[in-house]
Protein chains: 2
Amino acid sequence: MPRGPKGVTINDVAARAGVSLSTVSRALNGNPTVDPALVARVQQAAAELEYTASPVARSLVLGRTQTVAVVVPDLGNPTFQAILRGLSRAAAADDYHVLVADSAESVDEERALAATTRRRTDGVILCAPRMPQAELDRLVGGLRPVVLVNRSSDDVPAVRADYRSALTDELDLLYALGHRSMVFLSGVARSVANTSRLEAIAAFAASHPDVAIEELPCGVDFDAGAASADAVISSGATAALAFNDLVAMGLLSAVQAAGCRVPDDLSVVGFDDIPFARYTSPPLTTATVPAAQLGAQAWARMRGLLEGEAPRDPLWLRPELVARGTTGPRGPAAGGVAADSGDAETNEFD
Amino acid sequence: MPRGPKGVTINDVAARAGVSLSTVSRALNGNPTVDPALVARVQQAAAELEYTASPVARSLVLGRTQTVAVVVPDLGNPTFQAILRGLSRAAAADDYHVLVADSAESVDEERALAATTRRRTDGVILCAPRMPQAELDRLVGGLRPVVLVNRSSDDVPAVRADYRSALTDELDLLYALGHRSMVFLSGVARSVANTSRLEAIAAFAASHPDVAIEELPCGVDFDAGAASADAVISSGATAALAFNDLVAMGLLSAVQAAGCRVPDDLSVVGFDDIPFARYTSPPLTTATVPAAQLGAQAWARMRGLLEGEAPRDPLWLRPELVARGTTGPRGPAAGGVAADSGDAETNEFD
DNA sequence: CTGTTAGCGCGTTCAA
DNA sequence: TTGAACGCGCTAACAG
């Protein structure tokens with residue numbers, strides 16, 4: 001008789017098929033050393049009883065849960081949503097389940113969640129953009145197998161968006177359009193994403209002495225972008241690179257409200273290619289981070305680890321530049337409505 | 001010695017503390033019938049060994065996993081993302097984990113995933129907007145405990161957004177502004193969300209004989225809304241209700257491009273209050289579905305079930321009307337640019 | 001108050 | 001080829 005009121009166990013199947021429970025186990029797991037006639041009897045008995053082996057019991061005996069954990073800083077962030085989506089579908093295709101944990105942007109939570117969820121899964125995919133490198137290095141040791149998203153650590157597989165190349169692409173575009181005075185609206189100061197953009201800018205500036213790029217501390221959302229409009233206009237720059245699309249859209253909206261024409265007076269580029277980027281007026285030039293692919297590839301790496309492969313080098317996915325309507329040639333009235341044209345003085349912030 | 005290379009077991013702790021494994025179990029689980037001195041010794045031994053009880057083994061013996069499953073049709077959909085986020089955080093606050101499954105909009109997958117994930121969790125929160133009612137009724141029987149989101153079934157707790165009231169609020173607003181000829185851009189024909197909107201419209205039309213509301217089969221995304229612009233304009237309606245914000249934004253963009261002024265020539269309302277709704281030009285009037293609260297409440301219901309409470313009545317969360325810039329009084333030139341004013345003939349579709 | 005024992009449901013040796 | 005017995009790691013009865 002079934003032990004629990006809800007669950008039929010392997011013993012019930014064994015009894016109904018008139019065999020021992022080990023035969024049931026073997027038959028149902030495709031062990032070839034079983035009489036085909038018995039296999040059929042077992043399968044029928046299992047079907048009649050709607051039997052399915054308990055995943056928990058199997059996990060205990062097999063030492064694997066068919067589940068991986070995904071730790072993200074914020075499920076409300078479209079980028080992590082896309083990563084989760086790509087990851088979830090790829091894992092499901094391999095009959096794996098996904099446990100999600102939202103660290104609410106807290107590094108402490110990230111660490112704790114990674115450790116906790118790891119214990120009930122076969123591995124963890126970690127998105128920890130804010131965690132200090134030393135702490136990350138220490139943490140991943142006890143987490144293996146682990147795959148990092150947009151971070152790296154020794155001997156740990158990672159999938160990364162190549163923000164730096166992407167921003168360089170944007171800079172190249174603006175340069176080709178004749179822009180020589182630009183501003184960069186930066187995001188969270190010490191974040192990886194922001195740092196890599198800054199690196200791209202520094203490298204670009206070094207190789208293009210005729211270009212002035214001013215950094216304007218800004219933020220990561222629409223309102224931050226809108227609030228930077230005055231500063232952008234008065235900077236005299238003819239092009240603005242926003243940390244992301246939200247910032248770009250805020251900036252776009254505010255500068256247009258101030259009478260500045262885009263792209264005639266000011267070119268604007270964003271980052272991420274969020275769904276609405278193509279629907280602004282004019283449509284936003286941006287770079288698309290292949291977040292869903294990032295997730296799918298993160299799973300591919302994790303599966304490799306689970307199958308015993310050696311960790312490979314980090315995979316860098318290069319975002320694609322999407323040139324739309326907010327970028328144009330540096331116009332005759334370059335400099336915007338409220339500033340004089342040409343090379344404005346630049347102040348550097350950190 | 002530890003059985004596996006990675007895991008230290010309860011036996012190791014017992015040995016180190018010089019007690020039996022049951023004492024360790026009791027001490028670590030806060031069983032009061034343990035000598036305080038021993039508790040301290042056990043805790044120290046556990047700390048030194050960094051011991052944590054295996055969640056899988058506990059799950060097997062306790063019959064509960066501390067995990068719930070969430071099945072959604074599409075992790076790419078902002079509404080489900082918000083639900084998941086609210087749910088995840090609420091569950092985490094109660095030390096529960098969340099297993100997510102994306103059914104990729106397939107009803108078959110929904111059914112299969114619900115059953116599969118249920119076996120490795122303590123219950124499932126099901127978002128299955130497209131599943132036929134009869135199938136849903138049948139499915140939930142074998143899933144208990146289960147909580148439904150935006151669906152109902154006998155004796156099953158549910159949390160629902162009151163689309164009907166929300167749409168009625170929008171209709172009331174438009175009516176108060178003087179609009180008497182409207183169009184509704186409908187979404188997926190047989191979906192619950194669409195049906196409830198249609199019900200609201202039918203009820204409103206019945207109680208307001210002076211109003212004509214035409215249904216225009218449309219779709220659920222930006223492009224669908226844009227593609228409906230001509231039909232909306234030629235309908236002669238002075239106000240358009242879009243199935244959701246994406247549709248509204250597409251419509252808004254396209255009618256404006258056609259020279260139609262919003263809200264002077266046409267009022268537009270959306271649904272959902274997605275993040276960008278407040279940033280369109282003019283800002284979109286819409287109704288906000290409290291998706292994150294829906295998720296949090298879904299967890300609250302699930303927790304109730306897990307604690308043995310009796311299923312309560314469905315919880316209806318009423319979306320809030322957000323009146324912004326796309327709605328205005330019916331103007332003197334009512335009817336739009338390319339149509340005559342007044343009561344246009346209405347064709348009804350399904 | 002503590003230790004010993006019996007399962008939780010399964011996969012997998014070991015004999016037969 | 002099949003069945004009996006063991007153990008995965010833990011909690012909860014049962015004795016002491």
Side-chain angles (χ1 to χ4, degrees), chain A residues 1-43 45-46 49-67 116 118-122, chain B residues 1-43 45-46 49-67 116 118-122:
Chain A
M1 88 184 161
R3 226 60 189 102
K6 43 188 166 190
V8 28
T9 80
I10 196 172
N11 292 297
D12 305 318
V13 180
R16 189 173 237 276
V19 296
S20 78
L21 83 178
S22 10
T23 298
V24 174
S25 176
R26 284 189 279 248
L28 263 28
N29 289 328
N31 189 320
T33 76
V34 187
D35 187 311
L38 283 191
V39 173
R41 276 204 354 238
V42 168
Q43 284 176 338
L49 267 36
E50 295 184 12
Y51 169 78
T52 311
S54 156
V56 178
R58 302 193 87 230
S59 296
L60 182 60
V61 65
L62 293 177
R64 93 188 116 76
T65 59
Q66 296 283 103
T67 305
T116 306
R118 173 63 183 88
R119 297 231 49 199
R120 41 183 82 235
T121 59
D122 300 339
Chain B
M1 90 185 158
R3 226 57 189 106
K6 42 188 165 191
V8 27
T9 79
I10 196 173
N11 291 296
D12 305 319
V13 180
R16 189 173 235 278
V19 296
S20 78
L21 82 177
S22 20
T23 299
V24 175
S25 177
R26 285 189 280 249
L28 263 28
N29 289 326
N31 189 319
T33 76
V34 186
D35 187 311
L38 283 192
V39 173
R41 263 181 33 213
V42 168
Q43 285 177 336
L49 267 34
E50 296 183 12
Y51 169 78
T52 310
S54 156
V56 177
R58 302 194 85 229
S59 295
L60 183 60
V61 65
L62 293 177
R64 87 188 123 77
T65 60
Q66 295 282 108
T67 304
T116 306
R118 173 61 182 90
R119 298 231 48 196
R120 39 184 84 236
T121 60
D122 299 340

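Proteins come first, then strands; the chains are lettered A, B, ... in the order of their sequence lines, and each starts at number 1. Treat the numbers as computed from the prediction; the structure is a model and nothing was measured.
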Under 3.5 Å donor-acceptor, [X] side chain and [Y] backbone:
X	Y	result
B:D35	B:A37	yes
B:S59	B:P55	yes
B:R118	B:T121	yes
B:N31	B:T33	yes

Nearest of [options] to any side-chain atom of [X]?
X	options	answer
A:I10	C:dG3, D:dC8, C:dC10	C:dC10
A:S20	D:dC10, C:dT2, D:dG3	D:dG3
A:V19	D:dG3, C:dC10, C:dG3	D:dG3

Measuring from [X]:[atom1] to [Y]:[atom2], what's the distance to the nearest 0.5 Å?
X	Y	atom1	atom2	value
B:S22	B:I10	OG	CD1	8.0 Å
A:T23	A:R26	OG1	CZ	5.0 Å
B:L38	B:Q43	CG	CD	11.0 Å

DNA chain C: 5'-proximal contact among B:P32 and B:L60 (nearest heavy atom): B:P32
Difference in axis direction between the ends of the helix from C:dC1-D:dG16 to C:dA16-D:dT1, five pairs, 10°: 50°
Length of the line joining [X]:[atom1] and [N]:[atom2], which is rounded to integer Å:
X	N	atom1	atom2	result
A:R58	C:dG9	CZ	C1'	11 Å
B:R64	D:dT11	CZ	P	10 Å
A:R120	D:dC10	CZ	P	13 Å
B:N31	D:dT11	CG	C1'	11 Å
A:N11	D:dG3	CG	P	13 Å

Close side-chain approach of A:R58 and A:N29, heavy atoms under 4.5 Å: yes
Touch class at under 4.0 angstrom, heavy-atom based, for B:T33 against every strand present: base
Pairs under 3.5 Å (N/O, protein and nucleotides 12-16 of chain D):
{"from": "D:dA13", "atom 1": "N6", "to": "B:R26", "atom 2": "NH1", "distance (Å)": "3.2"}

Any residue meeting side-chain hydrogen bond (donor to acceptor under 3.5 Å, both in side chains) with A:R120, in chain and number order, not counting sequence neighbours: B:H97
